[in-house]
Amino acid sequence: MRTQVGIIGSGPSGLLLSQLLHLEGIDSVILERRTQDYVLGRIRAGVLEQGMVDMLRKAGVAERLEKEGLVHEGLSICFGDRRQRIDLKKHTGKVVTVYGQTEVTKDLIDAREAAGGTLIYEAENVQIEDLDSDTPALTFLKDGKQQRLTCDFIAGCDGFRGVSRRYIPEDKLKIHERVYPFGWLGILSETRPVSDELIYVNHWRGFALCSMRSPTRSRYYIQCAYDEDLEEWTDDRFWDELRIRLPSAAAESIEMGPSIEKSIAPLRSFIAEPMRHRHLFLAGDAAHIVPPTGAKGLNLAASDIYYLSRALTAYYKDDSRTDHMDSYSRDCLKRIWKAERFSWWMTTMLHKFPDQSSFDRGMQLAELDYLFDSEAAQASLAENYVGLPY
Ligand code: APR
Ligand code: PHB
């Protein structure tokens, strides 16, 4: 088989890239090791920056988002009995949109299929060959048969545990990482959200977050130990612990019900650089992970795809120009490091660290105090939350 751009992974990164290239008349093939049902079944976050919404509009997949997405002009931060609303619209003129990553993935898959795109699921043992040539290839096993896909370029959109990052030579690859000593226990429930905006809570028993997917479906998280046993968390125990951590008004009014999904996610900050080696380009979780406290994971994947689709389109449609390709890694990392900083800052300010000294705790409380009392600090949080420019 032959294509212009071979894409490993049909998560939001791979799918958005394939759709944008298609609209530019550039051919691509997606190789995904899992089934379509598995890809669509993953529960992930769902706060979209304006930049991501604009990218989805440009890709022609924003129709359902515009109908069902919840536009939020603010969010709240709580600690003790204090609650401060951060007015995103006032400080930035911008908003965020709550729309599940699962829905984004579904809309993109529908669009690829409607356009006759080539998505090969259950492609096992994907490997990259001839990366030192101008026509690298992807080899893989499909239905027991070895296949070979020759490409001009390869996009490694295969997430944190994918294969593509391994093809950046060891002597070139630099990894920057922080693993946090706690996790997030999250549930999804068919209950009315406790608030029409997100609530982030710093509590002495640990962090909590109230989010939603729709006016009738809620998403709640509480900080837990990273090696917590999910079996020990009945729904009742979850609701009890969440209500202890919430401000009293929210704790009294929260609607509770059976969880339809319950899982624990580790928290990590991770950056791999460079994000390009010859004709291989990494994008999304394949190159970086943020702790979810800043709601940046999906949005960073979208900004990578902004730079990568621009670079590939310029190459194919503007006389093989390579300036955007040559600056791809630098362009992405400039925005990635800032989003990593914001996500680390939100995580450090809002979580309980097991080995926290009284000085650390004092710093945390001073950080929150300053945030609550300073318009400038709130404006800075707002500017980062709605998304820094591409
Ligand atoms: N071969 C083929 N496909 C693979 C391989 C492989 N060796 N390894 C992983 N994949 C697939 C995964 O099954 C998954 O469907 O690559 C896809 C990667 O998708 P994501 O992990 O969703 O990564 P990305 O598209 O970059 O999206 C980033 O996902 O985790 C969230 O918070 C993150 O929101 C961010 C978004
Ligand atoms: C979510 O809705 O799942 C969500 C929202 C905001 C975050 C993290 C997760 O910061």
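Note that ligands are numbered from 1 as they come in the structure, with each ligand's atoms numbered from 1 the same way. Because the structure is a prediction, the values reported are computed rather than measured.
- In terms of protein heavy-atom proximity, atom 3 (O) of ligand 2 is nearest to Tyr221 OH, 2.5 Å.
- Each of the following atoms of ligand 2 lies closer than 4.0 Å to a heavy atom of Leu198: 5 (C), 6 (C).
- The protein heavy atom nearest to atom 2 (C) of ligand 1 is Arg33 N, 3.3 Å.
- Both Ile154 and Tyr167 are part of a single hydrophobic cluster, where members link through side-chain heavy atoms under 4.5 Å apart.
- Between Trp184 and ligand 2, a contact under 3.5 Å exists for no N or O pair.
- Residues Phe79 and Phe372 place their aromatic rings such that the two centres sit under 6.0 Å apart.
- Within the 3.5 Å criterion, the main-chain N or O of Gln146 finds no donor-acceptor partner in the side chain of Asn125.
- With a heavy-atom cut-off of 4.0 Å, Cys157 touches ligand 1 through its backbone alone.
- Ion pairing of Arg33 with Asp158 is absent here, as no side-chain N (NZ or NE/NH1/NH2) approaches a carboxylate O to less than 4.0 Å.
- Geometrically, ligand 1 and Pro12 share a nitrogen or oxygen pair separated by less than 3.5 Å.
- Under 4.0 angstrom from ligand 2, the non-hydrogen atoms of Ala45 come from both its backbone and its side chain.
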Inset, instruction - Step by step, work out the side chain to side chain donor-acceptor pair (under 3.5 Å) result for Asp152 and Tyr315. - result: CA-CA 11 Å; Asp152 298 333; Tyr315 177 84; over 6 Å; no

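- Under the 30°/60° scheme for interplanar angles, the aromatic rings of Phe270 and Phe160 are found to stand perpendicular.
- Contact atoms of ligand 2 toward Arg219: 3 (O) (distance under 4.0 Å to a heavy atom of the residue).
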Inset, instruction - For His203 and Gln223, run side chain to side chain donor-acceptor pair (under 3.5 Å): C-alpha distance rounded to whole Å, both residues' side-chain angles, the deciding distance at 0.1 Å, then the answer. - result: CA-CA 10 Å; His203 189 276; Gln223 174 185 350; over 6 Å; no

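- With sequence neighbours excluded, no residue forms a ring-ring contact (aromatic ring centres under 6.0 Å, His included) with His324.
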Legend entry - Ser327/Tyr307 under side chain to side chain donor-acceptor pair (under 3.5 Å): CA gap, chis, key distance, verdict: CA-CA 9 Å; Ser327 68; Tyr307 293 115; over 6 Å; no

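- Each of the atoms 18 (C), 21 (O), 23 (O) of ligand 1 lies under 4.0 Å from some heavy atom of Gly159.
- Annotation: atom 20 (P) of ligand 1 to nearest protein heavy atom, Arg44 NH1, 3.9 Å.
- The pair Asp331-Arg335 does not count as a salt bridge, with every side-chain nitrogen at least 4.0 angstrom from each carboxylate oxygen.
- Within ligand 2, the atoms closer than 4.0 Å to a non-hydrogen atom of Ala295 are 6 (C), 7 (C), 10 (O), numbered from 1 in the order shown.
- The N/O atoms of Leu298, backbone and side chain alike, include one that comes under 3.5 Å of an N/O atom in ligand 1.
- Between Arg42 and ligand 1 there is a heavy-atom distance shorter than 4.0 Å.
- Residue-ligand proximity, Val47 to ligand 2, at heavy-atom distances under 4.0 Å covers atoms 5 (C), 6 (C).
- The N/O atoms of Arg34, backbone and side chain alike, include none that comes under 3.5 Å of an N/O atom in ligand 1.
- Only the backbone of Thr293 comes within 4.0 Å of ligand 2, judged by heavy-atom distances.
- Distances between N or O atoms of Pro292 and those of ligand 2 include at least one value under 3.5 Å.
- Note on ligand 1: Ala45 sits outside its first shell, no heavy atom being nearer than 4.0 Å.
- Ser211 OG, 2.6 Å is the protein heavy atom nearest to atom 2 (O) of ligand 2.
- Between His351 and Tyr180, the ring centre distance reaches or exceeds 6.0 Å.
- Nearest protein heavy-atom contact of atom 33 (C) of ligand 1 is Asp285 OD2, 3.2 Å.
- For Arg44, no nitrogen or oxygen atom sits less than 3.5 Å from a nitrogen or oxygen atom of ligand 2, counting backbone and side chain alike.
- A side-chain N or O of Ser76 and one of Arg83 form a donor-acceptor pair less than 3.5 Å apart.
- When each atom of ligand 2 is checked for a heavy atom of Tyr200 under 4.0 Å away, the hits are 6 (C), 7 (C), 10 (O).
- For the pair Arg213 and ligand 2, the shortest N or O to N or O distance falls below 3.5 Å.
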